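Before any comments, here is the structure.
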Amino acid sequence: MLTTLIYRSQLNTSCESIGLEAIIEKAKRRNSEAGITGILLFNGIDFLQILEGSEESVVRLYHKIRVDKRHQSVVELMRDYGPRRRFENVGMLLFDLRAESPRSVLERVLRYSKLERYLTSDDRVFKFIQTFITRPKTVSEKRQVFAGEEWQLEAEKAPFGDSLALQTKQPCQFAFQPIVEPSERKITSIEALIRGNDGGSPEQFFQAISPDDIYKIDLETKAWAFSLAERLGIGDHKIAINLLPMSLVNVPDAVEYLVNQISRYHLLPEQVVIEVTENEIISGFNQFHSAIKQLRAAGIGLAIDDFGSGYAGLSLLTRFQPDKLKIDREIISNIHLSGPKQAIVKSIVSCCTDLEITLVAEGIEKLEEWHWLESVGIKRFQGFLFARPQLNGVGKIHWPQPAF
Ligand code: C2E
Ligand code: MN
Ligand code: MN
């Protein structure tokens, strides 16, 4: 199937001396063998390349480019399918914006392309080209270059008591995972993740419970999380717990129960944040709304969990605005490589800035992900990179540090 792939990248600074023409000549030969056509635009810092060809050969070439030392910060912007090539007989044409005015480049691109002029205004490929040609070179993208060797992780023991042994007199255990603010080297809260007594996942734990009892047990088990927090000595750190919204709606006096348990373990309601996932909020919104009011009235915080994984998206924020919003791991994973993911996260950042909602990025596993997210203004993170969940305790925190 005829595939068009667009990516943006930057010329590796150590390759600046190599002639661009030489690179193009080599690429031309390689591409024509693979039946790939397209254009390459260069503005002195950034490349924008359009690749057209069979899906297999385009994807294979793109994977080579991603590991090519001459390119850095390679980000995929678009992958689409179409009935015909836009740049058919041109092999791989280079347009150097340093040597030619934007207007003249644009005219030449149009002349070489098969695009009918009246079609260009709706064509995404053409719009990517046009934007690249006409926008000023951005300093911000220069800043986003990530150099792995410039960073190292420094392990630090969390300022809490040692992990406890298996708690045999309880129906469940909890694993704690910190949420951190690396720029301040600060733990902002710890999330309590439920575990079965055999160490099983939350899913396994709830599967073993009869559906009639789920809400009551979901609510009541949180007392063990507060108890663990007290015994580990979390001090004035915050603790986040996960709840099904229906556990607050269906169990009589649920909020009162929580408030009592919080004070029983010498915590304050203001220290507690309840995490609820996007889809669960929507499915029972009207009933849940009164529970939210009670929680807020008691001083307890609220976070939307797994934001972006459900079907509500940003429109959820027209209905209510939580204190915190946690961006789902699916969107975060490999964000440094994906244009669509980057665009979505930027819009979430902009929304939450206007609404003063604190953002947390979940499931950070790579320094590259963290680095990109910090560059667009996200400060709080949770993920294996910083700290893994630890049963009945809080594990070591790994802080990113400049290597020299
Ligand atoms: P969640 O609240 O989004 O919690 C984060 C999950 O992602 C945890 O899985 C955690 O171990 C995992 N995680 C954290 N960092 C990373 C990372 O860098 N990479 C990857 N691959 N995973 C990471 P866990 O503990 O299995 O929890 C799964 C879900 O179960 C939770 O997702 C939460 O929605 C739910 N859950 C946990 N405890 C409770 C509870 O007490 N009540 C209810 N109703 N649900 C709970
Ligand atoms: Mn959660
Ligand atoms: Mn989550």
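Note that these values count all heavy atoms, side chains included, but never hydrogens, waters or copies made by symmetry. Note that ligands are numbered from 1 as they come in the structure, with each ligand's atoms numbered from 1 the same way. Remember, predicted model here, so these are calculated numbers, not experimental data.
Between E33 and R29 there is no salt bridge, since no side-chain nitrogen of the basic residue lies less than 4.0 Å from a carboxylate oxygen of the acidic one. Between D323 and R296 there is a salt bridge, since a side-chain N of the basic residue sits under 4.0 Å from a carboxylate O of the acidic one. Of the charged side-chain nitrogens involved, none lies within less than 4.0 Å of a carboxylate oxygen, so that R79 and E55 do not count as a salt-bridged pair.
Using modelled atom types and a 3.5 Å distance limit, the side chains of Q167 and R231 yield a donor-acceptor pair. Side-chain contact check for S227 and E230: no donor-acceptor pair (N or O, by modelled atom type) lies under 3.5 Å. Donor-acceptor pairing under 3.5 Å is lacking for the side chains of Y7 and E76.
When heavy-atom distances to ligand 1 are checked against a 4.0 Å cut-off, E191 comes that close only through its side chain, counted from C-beta outward. Looking at D305 against ligand 1, only its side chain comes within 4.0 Å, counting heavy atoms. Counting heavy atoms closer than 4.0 Å to ligand 1, residue R195 contributes side-chain atoms (C-beta onward) but none from N, CA, C or O. Only the side chain of D218 comes within 4.0 Å of ligand 1, counting heavy atoms alone; its backbone N, CA, C and O stay farther away. Contacts of I241 with ligand 1, taken as heavy-atom pairs under 4.0 Å, are absent altogether. With a 4.0 Å cut-off on non-hydrogen atoms, K326 does not touch ligand 1 at all.
Per-atom contact check: atom 38 (N) of ligand 1 touches the protein, criterion being a heavy-atom distance below 4.0 Å. The protein does not reach atom 32 (O) of ligand 1 closely, with no heavy atom under 4.0 angstrom from it. Distance check on atom 17 (C) of ligand 1: some protein heavy atom falls below the 4.0 Å cut-off.
At least one N or O atom of F384 sits closer than 3.5 Å to an N or O atom of ligand 1. On a distance-only criterion, E362 and ligand 1 share at least one N/O pair closer than 3.5 Å. Annotation: S201 places no N or O atom under 3.5 Å from an N or O atom of ligand 1; distance criterion only. For a threshold of 3.5 Å applied to N or O pairs, the pair formed by I194 and ligand 1 contains at least one separation below that value.
Protein N/O/S atoms found under 2.8 Å from the Mn ion (ligand 2): E191 OE2, N242 OD1, E275 OE1, D305 OD2.
When N242, I217, L243 are checked for heavy-atom proximity to atom 46 (C) of ligand 1, N242 turns out nearest.
Not a single heavy atom of Q382 sits closer than 4.0 Å to an atom of ligand 1.
Residue I364 has at least one heavy-atom neighbour below 4.0 Å for each of these atoms of ligand 1: 18 (O).
Taking the salt bridge (Lys or Arg N to Asp or Glu O under 4.0 Å) definition, one finds that E191 meets it with K326, sequence neighbours left out.
Among protein heavy atoms, the minimum distance from atom 20 (C) of ligand 1 is reached at E365 OE2, 3.2 Å.
Checked by atom type and distance alone, the side chain of R85 pairs as donor or acceptor with a backbone atom of E52 at under 3.5 Å.
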